Amino acid sequence: MNEHAEPAGPLPPPGDPVLPPARERMLKDHLLREITREAHEPQPPRSRMRRRALGVGIPAAAALAVLAGAGASGVLERGPAVTAAQEHRAEALLTRIARAADSRPAAAVRDDQYIYTQVRGAKRYFADFLPLGADDLAQREDWQAVDGSRKGLARIRAISAGGGATGHIDMTLDADPNGTTYRELTALPTDPGVLLRTLYARTAGQGPTHEEAVFESIGAMLPESLLVPDLNSALYLAASRLPGMSVVDRAADGAGRLGVGLTFPGARQGTTWVFDPSTLAFLGTTRTAVIEVGIADRAGQPPVRG
């Protein structure tokens, strides 16, 4: 699609948001601690490498990693191409992304409302049954009950290369016992170290490596956590402590939007998180694009705006 053609020159450098001095000092201290951390510091436990089956029928907001497609093969904890300098660069970028996330306003959400997410990507990743052309995209909208007590709704349609949409297909979403409701998400710790230990405990025995399972768990929470800035920020700081993270200078999300990327060795055939190069806002992954996250009063209705 012509509108997604890559520009000739490099992308502009990401911008820096303004934070209260106390919060900025905390984020700077975190980066310094990560860079100077001693090798003898206790690390979270690691599991043996094994394959994990992918779930089906799960909500889009909790399933960006699943939308990425086929499972990955087993890999070493740190890929041979990832150097210490690359890891430090990824830590620095993740700290800047965390600072940007923490500067955004939090949303007020009631238990009787629904979390709305809209994602787009190639049909082969999550809507293979749609009659799409070669340049068309599939779009999925989800409405998930805030407290998980009510059924949700998924609406899938085709988006043509020219921007037009076809009729949609609706599917009722039952509660997912393996998913995380919005209320459970807001109950997670926002201290990066405590959060990382929590994620290691929750993913014990999963993934080709334990670190990859944590990376995928963080990625699955990124869309909905946009509504919870302090948790969103903590997720990025937790990710900065994973060994093997690296920066991808030029990456495009599932809708073709260009940005700066972060990836992890072996993560679902190279899945990369993509961020706006100026605002550092999360755009999605190289397989899927997060178009909108919001709050709706009813399933099937557009999110509340303004």
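In what follows, residues are counted from 1 in the order of the sequence shown. Please read these numbers as outputs of a predicted model, since none were measured by experiment.
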Give a yes or no on whether the backbone of Glu212 and the side-chain of Thr209 come within a donor-acceptor separation of less than 3.5 Å.
-> yes
Between Thr286 and Thr272, is there a donor-acceptor pair closer than 3.5 Å when you use the side chain of the first and the backbone of the second?
-> yes
In terms of hydrophobic clusters joined by side-chain contacts under 4.5 Å, are Leu283 and Leu258 together?
-> no
Write down the atom of Gly294, the atom of Leu227, and the distance for their closest heavy-atom approach.
-> O-CD1, 4.0 Å
Any idea which heavy atoms bring Thr190 and Ala234 closest together, and the distance?
-> O-CB, 3.2 Å
Minimal non-hydrogen separation, Val146 against Thr181, with atom names | O-CB, 3.8 Å
Report yes or no: do Phe264 and Tyr236 belong to one cluster of Ile/Leu/Val/Met/Phe/Trp/Tyr joined by side chain heavy-atom distances under 4.5 Å?
-> yes
How far apart are the closest heavy atoms of Gly259 and Pro277, and which atoms are they?
-> CA-CD, 3.8 Å
Apply salt bridge (Lys or Arg N to Asp or Glu O under 4.0 Å) to the pair Asp297 and Arg110, showing each step before the final yes or no.
-> CA-CA 9 Å; Asp297 288 329; Arg110 303 190 313 268; 3.5 Å; yes
Check the pair Asp102, Arg104 against salt bridge (Lys or Arg N to Asp or Glu O under 4.0 Å), reporting the backbone distance first and the verdict last.
-> CA-CA 6 Å; Asp102 205 37; Arg104 298 184 180 109; over 6 Å; no
Smallest heavy-atom separation, Ala101 atom then Pro229 atom, equals O-CB, 3.4 Å
Between the main-chain N or O of Leu153 and the side-chain N or O of Thr172, is there a donor-acceptor pair closer than 3.5 Å?
-> no
Heavy-atom donor-acceptor pair, Thr198 side chain to Val194 backbone, under 3.5 Å = yes
Any side-chain heavy-atom pair from Leu94 and Leu237 closer than 4.5 angstrom?
-> no
Are Leu262 and Val248 close enough that some pair of their side-chain heavy atoms sits under 4.5 Å apart?
-> no
Output for pair (Asp191 CG, Leu195 CG), nearest 0.5 Å, gives 8.5 Å
Heavy-atom check, side chain of Met221 versus side chain of Leu188, under 4.5 Å | yes
Is the side chain of His210 donor-acceptor paired with the backbone N or O of Tyr200 at a distance under 3.5 Å, no angle test?
-> yes
For the side chain of Gln86 and the backbone of Thr83, is there at least one donor-acceptor N/O pair under 3.5 Å apart?
-> yes
Cation-pi, Tyr114 ring and Arg150 (6.0 angstrom, 45 degrees) = yes
Counting distance only, does the side-chain N/O of Trp143 pair as donor-acceptor with the main-chain N or O of Gln301 below 3.5 Å?
-> yes
If we only count heavy atoms from C-beta on, is the Glu292 to Pro303 side-chain gap below 4.5 Å?
-> yes
Dump the intermediate steps for salt bridge (Lys or Arg N to Asp or Glu O under 4.0 Å) on Asp147 and Arg183, then the final yes or no.
-> CA-CA 6 Å; Asp147 61 1; Arg183 284 296 174 226; over 6 Å; no
Leu231 and Thr186: CA distance, side-chain angles, deciding distance, side-chain contact (heavy atoms from CB on, under 4.5 Å) verdict | CA-CA 7 Å; Leu231 175 63; Thr186 60; over 6 Å; no
Group every Ile, Leu, Val, Met, Phe, Trp and Tyr by side-chain heavy-atom contacts under 4.5 Å, then state whether Val228 and Leu196 land in the same group.
-> yes
Heavy atoms, side chains only, cut-off 4.5 Å: are Val290 and Thr117 in contact?
-> no
Minimum side-chain heavy-atom gap Ser246-Glu87 below 4.5 Å | no
Salt bridge between Glu141 and Arg157, side-chain N to carboxylate O under 4.0 Å?
-> yes
For residues Phe282 and Leu226, determine if any side-chain heavy atom of one lies less than 4.5 Å from a side-chain heavy atom of the other.
-> yes
At their closest point, which heavy atom of Ala100 faces which heavy atom of Ser103, and how far apart are they?
-> O-OG, 2.7 Å
Yes or no on salt bridge (Lys or Arg N to Asp or Glu O under 4.0 Å) for Asp249 and Arg89, after CA distance, side-chain angles and deciding distance?
-> CA-CA 11 Å; Asp249 289 317; Arg89 186 178 176 219; 2.4 Å; yes
Will you find, in the side chains of Gln118 and Tyr116, an N or O donor that is under 3.5 Å from an N or O acceptor?
-> yes
In terms of hydrophobic clustering (I, L, V, M, F, W, Y; side-chain heavy atoms under 4.5 Å; direct or indirect links), are Trp273 and Val247 co-clustered?
-> yes
Pairwise side-chain contact, Arg257 with Ile291, heavy-atom cut-off 4.5 Å (strictly under) | yes
Heavy-atom donor-acceptor pair, Ser233 side chain to Asp230 backbone, under 3.5 Å | no
Could you state the interatomic distance from CD (Gln206) to CD (Glu216), rounded to the nearest 0.5 Å?
-> 9.0 Å
